[in-house]
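This is the structure I have questions about; it appears just below.
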Amino acid sequence: LDPITYHALARWRSSVREWQIEALRALKVDPPSSLLDRVGSQIAELASEMFGTDTYRLVVPVACGNSGPNCLACRLARDVAAKLRIGFLQAFEEIPTSGSSHPRRNAARPRMKLRAVPTKALLLIDDVVSSGAHLEEAVKLLRRSAPAVVPLVWIAA
């Protein structure tokens, strides 16, 4: 088996995790441009430091789901692509779901589908990873056509 690994900028602090999650839910509704700029810069810096600047040609966000169209992962991916001066591709169809994004609920959501097939090396961007199942599904789909897929996450559980 080919294990899925990802790189994360930050992790929840266990002592204040519930408040961090609550604050992030509020931020996801209408994130300020300053937040997108700051987090996008940090992700772009991480990608450049770890993999150089000529390794990837595309930035792809995970499929938007509970957060609706133009979700935080999508906004971050656009920002990272602009900062790295490489292409952006919204490769996944949106996943029509509502309610909580809790990992137990996430297991019952519809599977991801590609609406565009990337054939270039890419960075896969997600805002928050809980169980990793959503990210793993995205990586497996993208690896069918892309020569390299490196998942980068803002916050990991």
Side-chain angles (χ1 to χ4, degrees), residues 1-12 20-21 24 27-28 30-97 101-103 106-157:
L1 291 176
D2 190 12
I4 305 299
T5 59
Y6 60 89
H7 306 278
L9 274 173
R11 298 203 178 276
W12 298 120
Q20 288 176 315
I21 291 170
L24 184 61
L27 278 172
K28 281 184 159 194
D30 187 24
S33 59
S34 58
L35 174 77
L36 295 171
D37 182 56
R38 174 109 187 230
V39 174
S41 292
Q42 291 175 340
I43 292 172
E45 285 176 30
L46 176 66
S48 295
E49 288 172 11
M50 293 183 78
F51 310 109
T53 55
D54 296 328
T55 307
Y56 301 100
R57 296 285 147 244
L58 286 174
V59 178
V60 173
V62 296
C64 292
N66 292 17
S67 299
N70 201 25
C71 62
L72 183 56
C74 186
R75 293 175 189 193
L76 288 173
R78 272 190 220 286
D79 192 75
V80 170
K83 286 174 172 35
L84 293 175
R85 295 188 175 118
I86 60 177
F88 168 83
L89 177 65
Q90 196 161 352
F92 293 100
E93 293 181 8
E94 290 178 24
I95 301 171
T97 59
S101 60
H102 190 278
N106 196 30
R109 71 167 165 69
R111 298 298 97 196
M112 289 183 205
K113 294 179 186 167
L114 289 173
R115 68 173 166 192
V117 180
T119 58
K120 298 177 182 178
L122 62 90
L123 297 172
L124 176 65
I125 303 297
D126 199 354
D127 54 352
V128 178
V129 168
S130 299
S131 70
H134 196 199
L135 191 66
E136 183 175 335
E137 182 181 354
V139 169
K140 287 179 178 179
L141 278 171
L142 292 167
R143 281 186 177 168
R144 293 177 184 169
S145 60
V149 177
V150 173
L152 298 178
V153 176
W154 177 28
I155 302 173

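The figures that follow rest on heavy atoms only: side chains count, while hydrogens, waters and symmetry mates do not.
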Other residues, nucleotides and ligands only: do more than 12 of their heavy atoms fall within 6.0 Å of NZ on Lys83?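 More than 12 within 6.0 Å, yes.
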Which atom names give the shortest non-hydrogen contact between Ala91 and Pro118, and what distance separates them?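 Distance-wise, the nearest heavy atoms are CB-CD, 4.3 Å.
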At what distance, to the nearest 0.5 angstrom, does CZ of Arg78 lie from SG of Cys74?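 Taking CZ in Arg78 and SG in Cys74, the distance rounds to 4.5 Å.
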For Leu9, does its backbone N or O pair with a side-chain atom of Gln42 as donor and acceptor, under 3.5 Å?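 Flag not set: sc Gln42 to bb Leu9 has no pair under 3.5 Å.
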At their closest point, which heavy atom of Ala156 faces which heavy atom of Arg11, and how far apart are they?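 Closest pair (atom of Ala156, atom of Arg11, distance): CB-NH1, 3.0 Å.
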If we only count heavy atoms from C-beta on, is the Asp127 to Lys28 side-chain gap below 4.5 Å?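 With C-beta onward as the side chain, the pair touches.
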Nearest heavy-atom pair of Arg57 and Ile86: which atoms, and what distance?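 Taking every non-hydrogen atom into account, O-CB, 3.6 Å.
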Gap separating the CG atom of Leu124 from the CG atom of Leu142, nearest 0.5 angstrom: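 CG of Leu142 is found 6.0 Å from CG of Leu124.
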Inter-residue atom distance Leu72.CG - Ile125.CD1, 0.5 Å rounding: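 That separation rounds to 11.0 Å.
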Can you see which heavy atom on Val59 is nearest to which on Ala77, and at what distance?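 Val59 and Ala77 have their closest heavy atoms at CG1-O, 3.4 Å.
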Nearest 0.5 Å please: distance from the OH atom of Tyr56 over to the CG atom of Leu152.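 Reported value, rounded in 0.5 Å steps: 8.0 Å.
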Hey, is the main chain of Thr119 close enough, under 3.5 Å, to the side chain of Ser145 for a donor-acceptor pair?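 No, Ser145 side chain to Thr119 backbone: no donor-acceptor pair under 3.5 Å.
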If I compare all heavy atoms of Leu135 with all of Pro151, which pair ends up nearest, and what's the gap?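 Distance-wise, the nearest heavy atoms are CD2-CB, 3.9 Å.
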Test item: Leu84 and Ser48 side chains (from C-beta on) under 4.5 Å apart, heavy atoms: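 Of all side-chain heavy-atom pairs linking Ser48 with Leu84, at least one is under 4.5 Å.
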Ring centres of Phe92 and His134 under 6.0 Å apart?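 Not close enough - the centres of the two rings lie 6.0 Å or further apart.
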From Leu58 atom CG to Phe88 atom CZ, the distance as rounded to the nearest 0.5 Å: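 If we round to the nearest 0.5 Å, Leu58:CG and Phe88:CZ are 10.0 Å apart.
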Report yes if some heavy atom in the side chain of Leu89 is under 4.5 Å from a heavy atom in the side chain of Leu122; otherwise report no.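 The answer is no; the side chains never approach within 4.5 Å.
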Can you tell me if CZ on Arg115 sees more than 12 non-hydrogen neighbours from other groups inside 6.0 Å?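 Counting neighbours around CZ of Arg115, more than 12 heavy atoms of other residues, nucleotides or ligands fall under 6.0 Å, so yes.
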What's the shortest heavy-atom distance between Ala63 and Ile95, and which atoms?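 So the minimum-distance heavy-atom pair works out to CB-CD1, 3.7 Å.
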Taking atom CG of Asp37 and atom CZ of Arg75, what is their separation to the nearest 0.5 Å?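 One gets 14.5 Å once the value is rounded to the nearest 0.5 Å.
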Using disulfide bond (SG atoms under 2.5 Å apart), reason through Cys71 and Cys64 one step at a time and then give a plain yes or no. CA-CA 6 Å; Cys71 62; Cys64 292; 2.2 Å; yes
